[in-house]
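Worksheet: the structure to be examined is printed underneath.
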Amino acid sequence: MSQAASTLSEASPSNRFALAALLLGGAAIGGSPIFVRLSEVGPMATAFWRVALALIPIVVVSLLKKDAGPKPQSLSDYGMLILPGVMLALDLGAWHFSLTMTSVAPVFVTLIAFLFFSARISRIFMLGLAVALSGLVILKGGPAAIGNGDFSGDGIAMIAAFFYACYILAIGRLRSRFDTIRIMLWSTACAAVCIFPIGLIYEGHMLPATVYGWSIVFGLAFISHAGGQVAITYALAYLPAAFSSLTLLLQPVVAAILAWALLNEAIGTMQALGGAVVLAGIMVARRG
């Protein structure tokens, strides 16, 4: 990890801007469940359009950008750029099927970072993580509500969380060498190539039938992926991957707010309290 990423408590402009980008990116991705629920096509087809259409703004920006930074020089470089796309494809496929967020996702990131990336996890960070996870439990209605959840759906969500952890960590390693847009271009294109045959084989019907249907997948692609993932990828140049994984916990909070605003789903006292505790936990972890 870079020196800038090692101490989040430093009040440098880069860290402050990276934290803002991280939170905005997490919020943008948090809206993805709403888009997926409203999509006219199946979960895998929706996942394909999510990354395929996101290539439009990413390619435009890459063409307009004068200094795209270092280019891959070896097969190892190409493999490193392709790996996040494979992990993202596996994550999106499982996530779109489950449509739920598992609370163990940041634990996966922390453990993988510690075991394979020699990441140093402080006690304050672990305290913040525990607080944020407690908030997620409250948000979901308490331990009893989580225990009554669908076991197969929770299992798929855990698989999605694992692959998202791998994706975040792979991106974090790449940001020390390559520009944000180059990483996003490779990872997004690779994810689209991986997801398309799966959607075509298992769902067949890939095209939205109406303008409304296309607007949903365009919104998912431009807001949640091109906006959210680019912001998070940028932030990973300055913030540790383990902390950045806490944006996963923002997603159910944002999803609950958007469901209330767009789908008229009520937000109860428990959900409001849980959301506040999640945000408090993230702020505590920031000091670690």
Side-chain angles (χ1 to χ4, degrees), residues 2 4-5 8-36 50-51 53-58 60-62 65 84 88 91-92 95 101 105-106 109 125 128-129 132 135-136 139 161 164-165 167-169 171-172 174-175 179-185 187-188 216 218-262 267 274-287:
S2 65
L8 288 175
S9 58
E10 294 178 359
S12 67
S14 295
N15 277 352
R16 289 198 298 268
F17 188 76
L19 178 61
L22 181 68
L23 295 176
L24 288 174
I29 296 175
S32 62
I34 306 300
F35 287 115
V36 174
R50 173 178 184 158
V51 287
L53 295 176
L55 283 171
I56 297 173
I58 293 174
V60 170
V61 172
S62 68
K65 193 175 178 64
L88 180 62
D91 161 55
L92 291 180
W95 160 238
M101 182 59 65
V109 178
F125 175 85
L129 175 61
L136 188 63
L139 178 68
Y164 188 81
Y167 167 75
I168 286 290
L169 291 170
I171 290 292
L174 284 172
R175 281 298 282 122
D179 180 82
T180 299
I181 294 300
R182 187 179 301 280
I183 295 171
M184 288 304 303
L185 183 61
S187 62
T188 303
I216 293 298
F218 265 102
L220 177 63
F222 282 25
I223 297 174
S224 294
H225 193 84
Q229 294 291 358
V230 166
I232 290 174
T233 301
Y234 167 82
L236 282 168
Y238 305 94
L239 306 176
F243 174 75
S244 300
S245 71
L246 288 180
T247 57
L248 284 171
L249 297 183
L250 280 177
Q251 297 177 27
V253 177
V254 174
I257 294 172
L258 291 178
W260 166 74
L262 301 177
I267 293 181
V277 174
V278 167
L279 294 177
I282 292 174
M283 291 301 100
V284 171
R286 177 178 179 268
R287 294 185 171 274

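Within the model, atoms CD1 of I34 and OG of S224 stand 10.0 Å from one another, a figure rounded to the nearest 0.5 Å. Rounding to the nearest 0.5 Å gives a distance of 10.0 Å between NZ of K65 and CZ of R182. Distance check: I58 CD1 to I183 CD1 gives 11.5 Å after rounding to the nearest 0.5 Å. Atom-to-atom distance recorded for L92:CG and Y164:OH is 9.5 Å, nearest 0.5 angstrom. A distance of 9.5 Å separates CG of L24 from CG of L19, quoted to the nearest 0.5 Å. Note that NE2 of H225 is 10.5 Å distant from CD1 of I232, once rounded to the nearest 0.5 Å.
In this structure, A231 and G25 approach most closely via the heavy-atom pair CB-CA, 3.9 Å. A pairwise comparison of heavy atoms in Y234 and A21 identifies CD2-CB, 3.9 Å as the closest pair. Between P84 and Y167, the closest heavy-atom pair is O-CD1, 3.2 Å. Closest approach of A28 and G228 over heavy atoms only: CB-CA, 3.7 Å. The shortest non-hydrogen separation linking L53 to A221 is CB-CB, 3.5 Å. Between A226 and P57 the shortest heavy-atom distance is CB-CG, 3.7 Å.
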Would R50 and S32 count as a side-chain contact (heavy atoms from CB on, under 4.5 Å) if you check the C-alpha gap in whole Å, the side-chain angles of each, and the deciding distance to 0.1 Å?
CA-CA 9 Å; R50 173 178 184 158; S32 62; 3.7 Å; yes

Please evaluate residues Y238 and F17 with respect to the criterion ring-ring contact (aromatic ring centres under 6.0 Å, His included), reporting the C-alpha separation (whole Å), side-chain torsions for both, the decisive distance (0.1 Å), and the verdict.
CA-CA 9 Å; Y238 305 94; F17 188 76; 8.5 Å; no

